[in-house]
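Presented below is the structure to which this report refers.
To find a chain, count down the sequence lines: A is the first, B the second, and so on, and within it residues start at 1.
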Amino acid sequence: MDEQYDPDIIEHRWQNYWEKEGLMKVTEAPGKKKYYLLEMFPYPSGKIHMGHVRNYTIGDVVARYKRMRGFNVLHPMGWDAFGMPAENAAIANNTHPAKWTYENIDNMRTQLKQMGFSYDWDRELATCQPEYYRWEQWLFLKMYHKKMVYRKESFVNWCETCQTVLANEQVEAGLCWRCGKQVRQKKLAQWFFRITDYVQDLLDYCDKLSGWPEKVITMQKNWIGRSTGAQIRFPIENPSENMQKEIPVFTTRPDTVFGATFMVLAPEHPLVTKLSKDTDQEAAIAEFVDRMALQDRSARVIESYEKEGVFTGKYCINPMTGYRMPIFTANFALMEYGTGAVMSVPAHDQRDFEFAQKYGLNIIVVVNAPNQDLTAESLTEAYTGEGIMINSDRFNGITNIEAQEKISAYLEKKGLGKKTINYRLRDWGISRQRYWGAPIPIIHCPSCGIVPVPENELPVLLPEDADLLEGGKSPLPALASFKNTTCPLCGAPAQRETDTMDTFVESSWYFERYCSPRCNTAMFDKSAVDYWMPVDQYIGGVEHAILHLLYSRYFTRVLNDLSLVNFKEPFTRLLTQGMVCKETLSCPEHGYLFPDEVISDGENRRCRKCNMPVTVGRVEKMSKSKKNVIDPHVLLEKYGADTTRLFCLFAAPPERDLEWSEQGVEGGYRFINRVWRFAYAIMDEIQDVKAFNGSPDELEGEFKTIYKKTHQTIQKVTDDIEERLHFNTAISAIMELVNALYGMESFQNPQETEKTEKETKVLRFAMETICLLLSPVVPHVAEALWYALGHRQSILLTSWPSYKEDALTKEELVIVVQVNGKLRSRLHVSVDTDEKDIKKQALEDEKVLKFIGEKPVKKIIVVKNKLVNIAT
RNA sequence: GCGAGAGUGGCGGAACUGGUAGACGCGCUGGACUUAGGAUCCAGUUCUGGCGACAGAGUGGGAGUUCAAGUCUCCCCUCUCGCACCA
């Protein structure tokens with residue numbers, strides 16, 4: 001072996017070797033335990049960033065570890081390749097999204113390979129390939145026929161100037177990000193997946209996902225947002241001909257219905273305009289509705305902490321009290337939740353209270369607080385607590401909790417309403433008025449209406465000859481060669497749907513596709529999916545805790561209902577890794593600075609451009625906008641893949657945020673060198689012996705200690721990886737072992753000590769163990785040293801080491817002696833010394849006696865093999 | 001506002017079911033080897049007092065349970081993340 005550790009040489013050598021030998025390739029092996037390890041696939045943005053490096057390093061350690069434990073490990077990688085950035089880049093650089101995307105993929109693949117990740121690259125897929133999305137279209141049709149998909153009108157953010165829809169993140173404070181003009185809500189017919197059909201099942205299974213972080217489960221539950229209550233119908237006073245006669249509302253507080261004094265409808269509610277027609281309020285309402293349409297939802301929420309509403313000019317009747325309730329429309333009512341209408345009970349809902357105060361509406365108290373006498377006049381805020389019913393006719397005197405049930409039952413009996421469960425989750429709108437996505441396989445025929453593309457005509461190819469338009473407008477509607485077609489039913493000229501699918505659709509089933517990525521007769525080969533799925537361990541960022549994971553769970557249920565898979569939950573265990581963070585640097589003149597725009601001279605840091613002192617800001621998530629980023633490429637050049645991997649794993653446990661530290665990286669590099677130097681120093685000596693495998697009793701002195709410590713390290717590292725995925729403590733255990741080896745007398749003073757053959761074998765055992773334990777973390781170094789030890793089979797194919805129980809036991813140990821809980825002395829005793837003896841020794845101890853003094857001993861607690869506590 | 005998580009040396013972080021607080025790494029200090037070392041090796045490093053053995057204090061703050069609390073209970077403070085006019 002070389003005396004010097006040279007990451008550049010060994011990383012190339014072993015990456016080439018693994019590739020040439022096909023060591024990462026995997027096929028189904030019935031009878032062999034499988035393990036499916038998946039990391040969230042990246043969007044091909046151009047370069048990998050530290051977040052990817054961390055995510056994929058964590059995954060790779062587990063994959064390599066599980067392989068050594070004898071599992072048949074599926075560890076694939078691919079590209080979430082559709083999406084808007086490709087369009088934007090294409091417009092900006094006057095290129096084509098496909099070209100841009102594929103070039104990025106090539107670049108990123110190279111970078112991932114340089115990291116030494118153990119992917120089976122034969123399974124690589126990109127979601128923008130027709131071979132991929134054709135099966136998505138196929139599934140869309142299946143779902144269409146099963147009525148799992150439907151079309152309805154829905155609002156989108158629309159920029160009139162750019163003539164395009166905008167994603168929520170492209171709307172900044174209500175304005176278009178490109179042209180700065182007002183964004184308005186426009187109604188378009190769009191496709192929806194009926195995820196709400198599965199809402200209760202998705203919720204129920206949240207509690208069965210024992211391998212998921214609590215946090216993610218909570219987020220999913222909140223997103224689903226189940227609430228129980230009642231639906232109540234309020235008759236409209238003198239409804240006009242063309243109008244519904246009642247307004248249904250959803251409420252979680254049916255107990256307060258006697259206190260409902262007005263009605264609020266969402267501005268988009270179809271009744272709003274109808275009600276105000278021919279009243280004095282018509283103009284005011286029109287103005288208000290128009291103004292609200294200009295605001296996108298998020299802006300409306302932020303700007304309108306102030307409640308604002310307009311009277312429609314009409315009334316409805318409280319079915320329980322006969323109260324004549326004015327009907328308002330207001331900015332805080334959401335069309336998407338419940339029925340888009342709110343029965344307002346100002347006495348018991350803070351929002352309604354504020355609204356009533358502002359518009360001088362009547363307040364009726366119906367739940368009295370314990371030991372108080374609430375009145376409309378004395379209320380300064382809504383009372384939302386529990387209490388006894390008042391002003392509620394036959395329900396007076398009972399608790400409001402009881403009243404919830406009774407009033408619901410009464411409403412139901414009288415046909416005025418019913419108990420209901422309402423969910424916040426809405427159906428999944430998948431239409432995108434965008435070019436770079438999978439076309440929705442539908443044809444619009446003037447005479448037959450909506451016609452699905454016949455299965456044998458799939459895929460509906462996304463035309464690659466489209467010219468992208470300034471502003472992001474999709475070229476598809478204007479592309480005659482794509483849009484114009486014939487109706488599959490009647491043969492008449494017809495037009496293709498020009499919307500594409502949300503990119504979350506692709507990522508909702510890619511993990512199944514990986515099982516048989518080249519299958520060209522189906523979405524996937526059923527037997528392959530049966531073998532590999534579900535994913536045993538999924539790893540990715542928390543930012544996908546809700547949408548991606550929920551959609552994937554939903555899709556799996558759809559596939560299950562279509563008998564394509566035989567399970568419901570795709571991911572058994574989930575790990576959400578923390579963010580990679582770094583301090584920000586900024587200068588008064590140039591704002592945020594990249595690390596290489598800063599000159600450090602000693603303590604001081606200055607801006608390279610203006611030489612002003614640099615302000616060191618707080619530690620935040622690495623982001624291009626804050627410029628606190630480190631390019632993994634630079635790390636690879638300077639330290640190599642192994643150091644980069646080691647640092648990512650060592651600096652923090654995976655679920656926590658990782659704070660970037662150049663010195664931490666140096667430390668990692670130093671450790672690898674330390675291992676290398678040790679190996680080099682003893683290599684000749686241990687070259688031709690076999691690793692010791694006997695009982696520790698055959699050894700003595702420091703070799704016995706090292707032998708045992710090696711076994712203890714195996715145990716510690718195995719537990720840390722297996723149970724908790726805490727690689728930081730696993731690595732520190734290996735460091736301890738290396739430190740112990742360095743500290744050996746025979747290593748420090750080799751000329752004064754002579755080793756027996758057994759002792760040399762112990763060294764070999766320790767060295768081999770270090771290689772094996774390190775191999776998932778720093779695979780190139782481990783492989784290189786393994787080879788140097790004389791092995792001619794890859795370390796990848798070697799089993800994970802096991803430890804001997806008898807090597808873990810300690811014969812002598814230190815017992816801590818406390819007096820009143822404070823550490824006072826230590827006893828060295830042999831294992832399993834009986835309690836009496838220990839007590840005796842403790843009480844005879846000089847230091848202990850000093851602290852007991854004259855006081856009588858009240859109690860002595862002995863924890864076996866651990867401590868003695870003497871209470872006085 | 002609601003929900004979740006976290007607060008431990010100069011720093012990143014250890015400490016499984018209550019049982020030696022500070023593993024491991026970084027930084028710092030000293031020494032060795034050196035023409036030199038930002039290389040490497042060795043030693044030290046929670047704070048306060050003392051040359052020292054040692055003593056006292058100490059896991060955001062305050063109470064409590066216990067022989068024993070970073071860990072359990074209650075109250076408070078701070079930070080991070082999610083959700084947020086959801087009827």
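Outside the 6.0 Å centre-distance limit, the rings of Phe650(A) and Phe671(A) are not counted as a close aromatic pair.
Using a 4.0 Å cut-off, no side-chain N or O of Arg424(A) falls inside it from OP1 or OP2 of C83(B). Remark: Lys822(A) is in phosphate contact with A57(B), judged by side-chain N or O atoms under 4.0 Å from OP1 or OP2. Contact annotation: Arg724(A) reaches the phosphate of A15(B) (side-chain N/O to OP1 or OP2, under 4.0 Å). Between Gln748(A) and C42(B), a side-chain N or O to OP1/OP2 separation shorter than 4.0 Å is present. Regarding contacts with the backbone of C67(B), a side-chain N or O of Lys859(A) is found under 4.0 angstrom from either OP1 or OP2. Applying the 4.0 Å criterion to OP1 and OP2 of G25(B), one finds that Arg674(A) has every side-chain N and O outside that range. The side chain of Arg824(A) places no N or O atom within less than 4.0 Å of a non-bridging phosphate oxygen (OP1 or OP2) of A68(B).
The residue Gly338(A) sits apart from the nucleic acid: no heavy atom pair falls under 4.0 Å. Within 4.0 Å (heavy atoms only), Tyr742(A) reaches sugar-phosphate atoms of the nucleic acid but no base atom. Using a 4.0 Å heavy-atom distance criterion, Glu736(A) is classed as a sugar-phosphate-only contact. At the heavy-atom level, Phe727(A) lies nowhere under 4.0 Å from the strands shown.
One cannot find a donor-acceptor pair under 3.5 Å joining the base of A6(B) and the side-chain atoms of Arg656(A). Judged by distance alone, with hydrogens and angles left aside, Asn222(A) brings no side-chain donor or acceptor close enough to the base of C83(B) to form a pair under 3.5 Å. A donor-acceptor contact under 3.5 Å is formed by the side chain of Arg826(A) with the base of U20(B).
Side chain of His348(A) to main chain of Thr256(A): no donor-acceptor pair is present (N/O by atom type, distance under 3.5 Å, no hydrogens or angles).
The nucleotide whose nearest atom lies closest to any side-chain atom of Tyr337(A) is, among G13(B), A87(B), G82(B), A87(B). Of the candidates A87(B), C81(B), C42(B), the closest approach to any side-chain atom of Thr251(A) belongs to A87(B). Side chain of Ala333(A), nearest nucleotide from G27(B), G12(B), A87(B): A87(B).
Other residues, nucleotides and ligands contribute only 12 or fewer heavy atoms inside 6.0 Å of the NZ atom of Lys866(A).
Rounded to an integer number of Å, the gap from Leu867(A) CG to A69(B) P is 12 Å.
A salt bridge links Lys221(A) to Asp207(A): one of the charged nitrogens lies within less than 4.0 Å of a carboxylate oxygen.
When Leu379(A), Ile363(A), Val365(A) are each tested for a side chain to side chain contact (heavy atoms under 4.5 Å, CB included) with Pro346(A), only one passes: Ile363(A).
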